[in-house]
Amino acid sequence: MQVCRPHSSNQRRRIQLDTQSLSHSKWRSKYHIVFAPKYRRQIIFGKIKADIGVILRKLCEYKGVEILEANACPDHIHMLVSIPPKISVVYFVGYLKGKSSLMIFDRHANIKYKYGNRHFWCRGYFVDTVGRNKEATAKYIKEPLQEDIVADQL
C-alpha cells in the first residue's frame, strides 16, 4: 500500500498555475489533436492558412477551449488544446471540423467547386491526452514546420 506524500511548495505552485477551474471543479485536461483535409490534399497555405487559423481560434473561443499551441502544416493541422470537462473530445472535434468546413467554404467559394459536397476535412482524426509533458508536445507541434521548410529548400 502506498502512502500519499504531500507536494512540495514548488510542485503545488506548478499544479495551481496549470489547473483551470469552474465554480465547483478543477481540471487539467490537455489534448493533442491532429486532423487533415480530405485525401490529405496539400491546400493549407497562404491566405487559406491564415483564414483557417482565424476560424479555428474563433470556434475554440466560442466553446471556451484554450489553444495552447497550434500549427498548420500543408496537409494537416496540429493543435494542443485544453478542453473543459463539460465538453467531450469527440463532440469538440466534430464541432470544430464541421463548423470550420462550412466557414472555409463560405470564405473561399472557389474551393467548394474544386472539392465539392462541402467536405473539407477527412473523416478521421487523432487525439492523444497530454499528461505532464506539455512542453514536449508543444515542441513537437512547432518542429514539423521547421522540418518541412528544410525539406522544401533541398
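Throughout, numbering of the chain's residues begins at 1 and tracks the sequence.
Judged as a side chain to side chain donor-acceptor pair (under 3.5 Å), and not counting sequence neighbours, the contacts of K63 are Y91. For R57, the salt bridge (Lys or Arg N to Asp or Glu O under 4.0 Å) test picks out no residue, with sequence neighbours left out. Here Y95 pairs with nothing under the side chain to side chain donor-acceptor pair (under 3.5 Å) rule; sequence neighbours left out.
The backbone N or O of I55 sits nowhere less than 3.5 Å from a side-chain atom of K99 that would complete a donor-acceptor pair.
For the side-chain contact (heavy atoms from CB on, under 4.5 Å) with V81, the qualifying choice from V65, L56, V89 is V65, the only one to do so.
Heavy atoms only, all atoms of each residue included: A36 and D75 are closest at CB-O, 3.4 Å. Contact record, S100 with W121: OG-NE1, 2.8 Å, taken as the closest heavy-atom pair. Between C122 and K97, the shortest heavy-atom contact is O-NZ, 2.7 Å.
Note: I77 CD1 to K49 NZ = 8.5 Å, rounded to the nearest 0.5 Å. Between the CE atom of M103 and the CG atom of D51 there is a distance of 9.5 Å, given to the nearest 0.5 Å.
Relative orientation of the F120 and F105 rings is perpendicular, given thresholds of 30° and 60° on the angle between their planes.
Taken together through direct or relayed side-chain contacts under 4.5 Å among Ile, Leu, Val, Met, Phe, Trp and Tyr, Y125 and I67 form part of one hydrophobic cluster.
Contact check for H78 versus L80: no side-chain heavy atoms found under the 4.5 Å cut-off. In this structure, the side chains of Y31 and T129 come closer than 4.5 Å at one or more pairs of heavy atoms.
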